[in-house]
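For reference, the structure is listed below as structure tokens.
Proteins come first, then strands; the chains are lettered A, B, ... in the order of their sequence lines, and each starts at number 1. FYI, side chains are in, hydrogens and waters are out, and symmetry mates aren't considered; it's all heavy atoms of this structure.
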Amino acid sequence: MKLKNYDYYLIILTALILFAIGLVCVYGITYYNYLAVNPQWTNTIQYSRYIEDMNSYLFPFLVLLLLALGLCIPKRLLEQDFLVKFTALSLGATLLLTFLSGIEKGLVFLLATMIIVQSFVLIKTIKRSNALRFEKEGYAGRLGSSLLHLGLVILIFNFMTLQASSFHLLIFWAGMIMITVGNIFSFYPEWINSLLK
Amino acid sequence: MGFSEYAAAREYLGIIGNPVITYILVLSLFLGFLSILYLWKKKDKYYDILIKCLYIVTGLYLLGFIFLVWFHIQIYNTILIQYPAFLAQMIPVGESRMVIPMWIESEKLYFWAMASMVFALTVRKRKELMAFLGIILTVFSTIVYFFSNPFKEPLPIVNSEITQWFSTLSSGDASIFQVAGTLYGRITYYYNSTYMWIHPPMLFVAYASLVITAVACVYMLRKHEKVYDDIAYRYAKIGYILLTTGMLIGYPWAIEAWKDSAWWWDPKISGSIMMWVLYSAYLHTRIYASKGKMWSVTAYLGIICFASLVFTYLLTYIVPGIHSVVQP
């Protein structure tokens, strides 16, 4: 498959996964409304069950989304056949961990992997490495895309594993700044490039 | 300065604000009429009047907003909540003033409509798009006038809280403990919170920008011209940046204000995530808008995104939850 078609199908896949997450949210709204017939329900065991249920519906799509991101990002570093193998390996390890310790552990493993890969991409981008291949041209666009994807993965990882940590909010702000700066750099690369000159 | 001055300022806001919002409604209806006329006859003279009308309506919205700012300053100056000494163990401060933001209760739809008017002025050179937008803005102003008029009964919840505080204080009722606790919480974590000045306005400005995206997507489907995709994308970028950052800023606020309350997967939060993932999907599909049927998929998705935005906004009023004003 040519890289252009590969990107096209990857984007279709990403859009479908995002749409599916939207449907999970619609289900959550409906179910919450149904449970709220009892005004005190959030003080009962029903609320924690609802949260667990919603997380369990979301996590598989999150795994798929991360895999799609994983396919998207390392393509900038690696050849396509290696990339497919890398994704298959990530998926295999995630499934194995899910089978042994639950989907939450599998997802955390995948997030940690993605943080490493995307940090590597970001460092390479900052160093203006020629090894990277991007859809977007220009330094600002590339940097923005790298920051955006890394920030997103860091935020999800932070939500999932570090909520009790004293660094939780600090990491949250770091992730949020990366996403915001990443968005601005990605959407307005010409303007940022002109500022950087 | 005290409660009577506050009550006088509230009454005065109604006196000066109601004519403004009435003119907004009348001129918006005229704007809608001109928009239909232009779309039907395609005559530039109708369009010229339409644009003049839009400028006047926007100006009136801004004038009304200045009146609201004045009223909020009056609340700050006139209302001083002094907690009695016997509440010292419960309330860590001796007194509070209320710094009420301009995007709560009936004022938030007004703020969104005003921001939409300002954004509409930026696409005034695209005549057909602007005329269609004119119809949308007319509907918007009509809804504001009849369902969210900030001058008819200014800030009803804030008013009931202030009134209840002073009446409980003067009567010496035992319920003062509960009233003071609730009011202190509302002032500290809601009205006076720094997040309140960042999270909601960012979202409402994003919503206003995304109105243009939705209208441009309708025109993408109708006209199949790339310029409408460019316009939709231009405003989606502004909206998406503000939406993403604005939503994320709500997270530390929720941790601070709601602590262990049941806020995660609350309907408004689920709705906001839904809206965000749909806009993310729109921005992804748009990359390949020129390939095959992706053009119409992108346009339909842009419209679905806006429907999800309106739905998310309405969730506050139709589904119970921590963000909501309705009870089960």
Side-chain angles (χ1 to χ4, degrees), chain A residues 4-5 7-8 10-33 35-43 47-48 50-51 53-55 58 61 65 68 135 148 151-152 155 159 163 168-169 172-173 175-177 179-180 182-184 186-188, chain B residues 202 233-234 236-249 251-252 255-256 261-288 291-292 294 297-298 301 304-305 308 311-312 315 318-322 324 326-328:
Chain A
K4 190 138 190 168
N5 279 338
D7 280 342
Y8 173 69
L10 199 56
I11 274 174
I12 300 276
L13 176 71
T14 309
L16 286 173
I17 297 165
L18 289 166
F19 204 82
I21 293 173
L23 290 178
V24 170
C25 295
V26 173
Y27 168 79
I29 294 164
T30 314
Y31 193 49
Y32 187 105
N33 197 30
L35 292 170
V37 172
N38 168 18
Q40 294 302 316
W41 81 280
T42 51
N43 300 323
Y47 181 69
S48 52
Y50 164 74
I51 296 292
D53 283 352
M54 284 301 290
N55 287 345
L58 176 73
F61 293 110
L65 188 65
E135 279 288 296
L148 178 60
L152 189 66
L155 269 197
F159 287 142
Q163 286 206 16
H168 179 59
L169 276 180
F172 166 81
W173 285 113
M176 200 209 76
I177 290 166
I179 287 175
T180 305
N183 265 331
I184 294 168
S186 297
F187 287 150
Y188 303 101
Chain B
M202 278 182 106
Y233 182 53
R234 193 186 314 149
K237 286 191 291 187
I238 300 168
Y240 190 77
I241 291 171
L242 293 170
L243 195 67
T244 308
T245 308
M247 273 171 62
L248 286 173
I249 283 174
Y251 179 70
I255 291 175
E256 184 186 304
S261 300
W263 64 271
W264 188 234
W265 287 120
D266 165 80
K268 189 82 172 182
I269 287 168
S270 302
S272 301
I273 295 171
M274 171 190 70
M275 176 174 62
W276 185 83
V277 293
L278 288 178
Y279 273 109
S280 303
Y282 162 79
L283 289 169
H284 275 84
T285 57
R286 199 213 150 261
I287 298 170
Y288 284 94
K291 187 166 179 157
M294 284 297 271
V297 170
T298 305
L301 200 50
I304 292 170
C305 287
S308 77
F311 175 65
T312 303
L315 278 173
I318 55 176
V319 177
I322 203 157
S324 299
V326 287
Q327 297 302 316

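- Residue G22(A) comes nearest to M274(B) through the heavy atom pair O-CG, 3.8 Å, listed as atom of the first residue, atom of the second, then distance.
- If you measure heavy-atom distances from T180(A) to chain B, the contacts under 4.5 Å come from both the backbone and the side chain.
- Chain A forms more heavy-atom pairs under 4.5 Å with one residue of V319(B), V277(B), I238(B) than with any other, namely V277(B).
- Across all their heavy atoms, Y50(A) and S270(B) have their closest contact at OH-OG, 4.3 Å.
- In this structure, the portion of Y188(A) lying under 4.5 Å from any heavy atom of chain B is its side chain and not its backbone.
- Separating the CH2 atom in W264(B) from the CG atom in N55(A) is a distance of 7.5 Å, to the nearest 0.5 Å.
- Most heavy-atom pairs under 4.5 Å with chain B, from the set S48(A), A15(A), G175(A): that is A15(A).
- The heavy-atom pair separating W173(A) from P252(B) by the smallest distance is CZ2-CG, 3.4 Å.
- With ring centers used as reference points, F19(A) lies 6.0 Å or more from H284(B).
- When heavy atoms are compared at a cutoff of 4.5 Å, L58(A) approaches chain B solely by way of its side chain, counted from C-beta outward.
- One distance of note links CG of L23(A) with CG of L278(B); it measures 8.0 Å at 0.5 Å rounding.
- With a 4.5 Å cut-off on non-hydrogen atoms, I269(B) does not touch chain A at all.
- Side-chain atoms of Y240(B) do not come within 3.5 Å of backbone N or O of F187(A) as any donor-acceptor pair.
- The greatest number of non-hydrogen atom pairs below 4.5 Å with chain B, out of I179(A), I51(A), T42(A), is found for I51(A).
- Within a 6.0 Å radius of CZ in F159(A), more than 12 heavy atoms belonging to other residues, nucleotides or ligands are found.
- With a 4.5 angstrom heavy-atom cutoff, I249(B) touches chain A via backbone and side-chain atoms both.
- Most heavy-atom pairs under 4.5 Å with chain A, from the set M275(B), K237(B), M294(B), K268(B): that is K237(B).
- Between atom CD1 of residue I29(A) and atom CG of residue L315(B) there is a gap of 5.0 Å, rounded to the nearest 0.5 Å.
- For the atom pair CD1 of I17(A) and OG of S280(B), the computed distance is 12.5 Å after rounding to the nearest 0.5 Å.
- Residue contact with chain B, scored on non-hydrogen atoms closer than 4.5 Å, is absent for L16(A).
- Contact annotation for Q40(A): neither backbone nor side-chain heavy atoms come within less than 4.5 Å of a heavy atom of chain B.
- If you measure heavy-atom distances from L148(A) to chain B, you find no contacts under 4.5 Å at all.
- Here CD1 of I184(A) is found 5.0 Å from CD1 of I241(B). Values are rounded to the nearest 0.5 Å.
- Rounding to the nearest 0.5 Å gives a distance of 10.0 Å between CG of N183(A) and CG of L242(B).
- When all heavy atoms of P267(B) and Y32(A) are compared, the pair lying nearest together is CG-CD2, 3.3 Å.
- Ranked by heavy-atom pairs under 4.5 Å with chain A, the first of Y251(B), F311(B), Y282(B) is Y251(B).
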